[in-house]
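Data first, discussion second: the structure below is written as C-alpha cells.
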Amino acid sequence: MLLLDINLPTYLPTHPPTYGRFGSTPLSSAKHSEWDLPLLTLPSSHSSSLASSMATSSSFSSPPSSSSSSSRGTSIVPDLLQFLNKSWTPFHATAEAKRQLLEAGFEQLREEEEWAVQPGGRYFFTRNMSSIFAFAIGQKYKAGNGFHVVAAHTDSPCPKLKPVSAASKAGFLNVGVQTYGSGLWHTWFDRDLSVAGRVLVRRKGVGVVHELVKVERPIMRIPTLAIHLDRTVNTEGFLPNLETHLAPVLATQIKSELLASKSEATSQTEGANGAMYSAKKAHHPLLLQILAEELNCTVEEILDFELSVCDTQPSCIGGARKEFIFSGRLDNLASSFCALRALLDTCEDAASLTDESCIRAVALFDNEEVGSDSAQGAGSPVMFQAMNRITRWLVRETPSEGIVERTIRRSFLVSADMAHALHPNYAERHEDHHQPKLHEGLVIKYNANQRYATNTVTAFLFKEVAKVAGVPTQNFVVRNDMGCGSTIGPILASGIGIRTVDCGMPQLSMHSIREMCGTEDVDIAYNHFKAFYQIFTTIDKQLSVDA
C-alpha cells in the first residue's frame, strides 16, 4: 500500500487546519443572490505556522489575492446552484460556460478557422456545443513550457429520447427513451420530468440554426406500480424492465386527439417537407407543439432534435445545518464549475498573467459517462490538437525539434470527477483506511490497475499545492473485492502522455436523479484548483524524476 503522507515536508502544519461550517451563516434557498457565505480560511495559529515553515523550508509563495467576490470572502456555492439550474444538459452547460468566458473577456476561437494567439491572451473554443476548452497564456511563456489543465465532463446519466419516440399504450401517450450511461434508473420513477436539449430550426431568412430548448414545467412522469399490484417489491426488490417500464407518460390519448387532428390538417394544407413529415410521424404532435412554443417557431420549422429527460426540481441547499447541496448532475457539473470559476478568477485580465510562464487551461468534455469515445469526448484528440496548434503558433518564428512533445512532458492534468463519500448506511462498502468524508476536501483517487491515472509523483505535486494553499485532501482506493469505476484521467494520460492526477469532491447518491454533496467541499475544490493555477509552476520546479 502506497502512503504518500510519510516523510512530509517540514512546511506542513503540525495539525490539519480546522474549517468553518456553513451552518453558522444563514442561507436562503429562495434568494440565491443574497447569500453571503464565508470562504474557508486557515485559522490564524495554523496560518502563522504555515507561513513560518514555508519561510524556512520552501521557496513557495502563497497564491496572490484576487479581486473576485470569492477572494473577498464569499462562497461560490450560490453561483454553482445557478449554474446547475441552468445546465440541464451538456449543451446548456457549455453554453453557460461560454457566456461566462465571453463576459470575462475571453476570445472565442473556432476549430475550423486559423488561430492567432499570444502571451497574455485568453481564449476558448467549443466542439459540438457540448465540450469546451479554454486557456490563458502566461506573459512569460517560453517555447516548450507546459499546460496546466483541470479537466472534467459535462454529461450525466439520463434517459434520452429515441429517434422515434412516439408510443401509445393503454390509452396513454408514452415517450420512448434510451438509457444514457449507468444511471440509478429506479430513482427516475415518480419524479416531475421534462425535456431539454438542442433543436435544429429552420428560421426564415437565416437558414437552419442550432438552438437550445429547456421546458421548465413538468410535462412527463414515470409512474411506479401500486404496491397492491406488486406485493413483493419491498422483499424482492424493485426491478423495472428498462425497455417497457421506463417510458414516461406524456398525456392521455383522448386529450391529445384534438391537437393531433389539427396538426394533420395543417400538415396536409401546408405541405411540410419530407424531413418534417418524418419527424411528425416519429414524435407525438403534442410534444412538437410544446417545443415550438418554447422556441417561438412553428412545428414545421423544427427539423430535428436531441433531447434528454430532465428533473424539474431545482438545485438547492439542504440539511439541518444547511451543509448539503441537493441536486441532479453534481457528477460532474460541480467539478466543471469549480474548474471554470478557478480559471476565470485567476485569469481576470492580461495583468493577472504577468508572472505566469505556462498556459492555464480548463477542458470540459462530453460523453464521459459512456466511455468518452466520441468526437467531443476525452477519447478524441480534441485537447491534444488544441495544445499542438497553440504550441506551434507560439513558436512559429523559431521552430525547434520536439517542441510539442516537450511541451506535453512539462504539462500537468488534474482529472476532476466526483468521488464516493463514505455512506453511513453502507460503511462496509469502503476499504477500512480509505473512507472519504464530506467537508474534508478533494479525494485523491488511486488504483493499481490504472482505472485512475494517479501515481506517486502526480499525487505528491497536487498535495503540495493543497498544503501551500491550506486546504485538506483525502485518499481513496476501492476494495479488492469490488469493481472500480474510471474517469477521463487514464484516457488522456495514455492518449497523449500527460502527467495526471485523478481527484474529486466526495458525494453521495452518485448517478441518482438527485445527488448530494457538502457545501464546504465546493469551496475547498475551488480554492485547490485556483492555487493549482497560481503556484503549480513554482512547485513543479522543485521535483526531478527522469533526470
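Proximity of L438 to D521: side-chain heavy atoms (C-beta onward) are separated by under 4.5 Å at one or more points. You'll find the side chain of P490 reaches within 4.5 Å of the side chain of D502, heavy atoms only. By the 4.5 Å heavy-atom criterion applied to side chains, W188 and V177 are not counted as neighbours. L492 has its side chain out of reach of F384: every pair of non-hydrogen atoms, C-beta onward, lies at least 4.5 Å apart. No side-chain heavy atom of L212 sits less than 4.5 Å from a side-chain heavy atom of W88. Counting heavy atoms from C-beta outward, E211 and N296 have side chains that stay 4.5 Å or more apart. Side-chain contact between I488 and D417 is absent, with no heavy-atom pair separated by less than 4.5 Å. When side chains are defined from C-beta on, H528 does not count as touching V414, because their heavy atoms never get closer than 4.5 Å.
In this structure, the side chain of D304 does not engage the main chain of L200 through any donor-acceptor pair within 3.5 Å. The backbone N or O of E301 lies less than 3.5 Å from a partner atom in the side chain of T298, making a donor-acceptor pair. A donor-acceptor pair under 3.5 Å links the side-chain atoms of R499 to the main chain of S411, judged by distance alone. Counting only distance, with no hydrogens or angles, the side chain of T154 and the backbone of S130 share a donor-acceptor pair below 3.5 Å. Between the side chain of R410 and the backbone N or O of G144, at least one donor-acceptor pair lies under 3.5 Å. Under the 3.5 Å distance criterion, the side-chain polar atoms of R122 are matched with a main-chain donor or acceptor of A104. Within the 3.5 Å criterion, the main-chain N or O of D366 finds a donor-acceptor partner in the side chain of S131. Counting only distance, with no hydrogens or angles, the side chain of S308 and the backbone of C310 share no donor-acceptor pair below 3.5 Å. Between the E515 side chain and the H511 main chain, a donor and an acceptor come within less than 3.5 Å of each other. A donor-acceptor distance shorter than 3.5 angstrom exists from the side chain of Q474 to the backbone of G441, with no hydrogens or angles considered.
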With side chain to side chain contact (heavy atoms under 4.5 Å, CB included) as the criterion, how do L101 and L340 come out once you've worked through the C-alpha distance, each side chain's angles and the decisive distance to 0.1 Å?
CA-CA 9 Å; L101 287 162; L340 175 67; 4.0 Å; yes
Could you check T500 against T458 for side chain to side chain contact (heavy atoms under 4.5 Å, CB included), going step by step and ending with a plain yes or no?
CA-CA 6 Å; T500 303; T458 59; 5.6 Å; no
Decide yes or no on salt bridge (Lys or Arg N to Asp or Glu O under 4.0 Å) for R341 and D79, but give the supporting numbers first.
CA-CA 9 Å; R341 183 62 174 267; D79 295 336; 2.8 Å; yes
Working for side chain to side chain contact (heavy atoms under 4.5 Å, CB included), residues L343 and V150:
CA-CA 9 Å; L343 181 72; V150 181; over 6 Å; no
Between M505 and L330, is the side chain to side chain contact (heavy atoms under 4.5 Å, CB included) condition met? List the steps.
CA-CA 10 Å; M505 284 177 271; L330 287 174; over 6 Å; no
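For A363 against F133, the heavy-atom pair with the smallest separation is CB-CD1, 3.7 Å. When all heavy atoms of A459 and I444 are compared, the pair lying nearest together is CB-CG2, 4.2 Å. Here the closest heavy-atom approach between residue C503 and residue F529 is recorded as SG-CE2, 4.3 Å. When every heavy atom of A525 is checked against every heavy atom of C338, the shortest pair comes out as CB-SG, 4.2 Å. Considering every non-hydrogen atom in both N332 and A152, the closest pair reads ND2-CB, 3.4 Å. For the residue pair T126 and E111, the shortest heavy atom distance occurs at O-OE1, 4.1 Å.
Considering CG of N85 and CD of Q313, their distance stands at 10.0 Å, rounded to 0.5 Å. Atom OG of S336 sits about 12.0 Å away from atom CZ of R329, to the nearest 0.5 Å. Atom CD1 of I359 is separated from atom CE of M387 by 8.0 Å, given to the nearest 0.5 angstrom. Note that OG of S315 is 13.5 Å distant from CE of M516, once rounded to the nearest 0.5 Å. The NZ atom of K463 lies 11.5 Å from the CG atom of L442; values are rounded to the nearest 0.5 Å. Put simply, OG on S327 and CG on L333 are 8.0 Å apart, with the number rounded to the nearest 0.5 Å.
Here the two rings, on F83 and F337, have centers that are under 6.0 Å apart. Separation of the F536 and F412 ring centroids falls under the 6.0 Å cut-off. A distance of 6.0 Å or more separates the ring centres of Y123 and W115.
More than 12 heavy-atom neighbours from other residues, nucleotides or ligands sit within 6.0 angstrom of CD on E112. Around CD of E114, the count of heavy atoms belonging to other residues, nucleotides or ligands within 6.0 Å does not exceed 12.
Between F91 and H210, the ring-plane angle classifies as perpendicular under the 30° and 60° cut-offs.
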Enumerate donor-acceptor pairs with a distance under 3.5 Å from any side-chain N or O in residues 371-379 to protein atoms, sequence neighbours excluded.
from	atom 1	to	atom 2	distance (Å)
S374	OG	N367	OD1	2.6
S374	OG	Q376	N	3.4
S374	OG	G377	N	3.0
Q376	NE2	N367	OD1	2.9

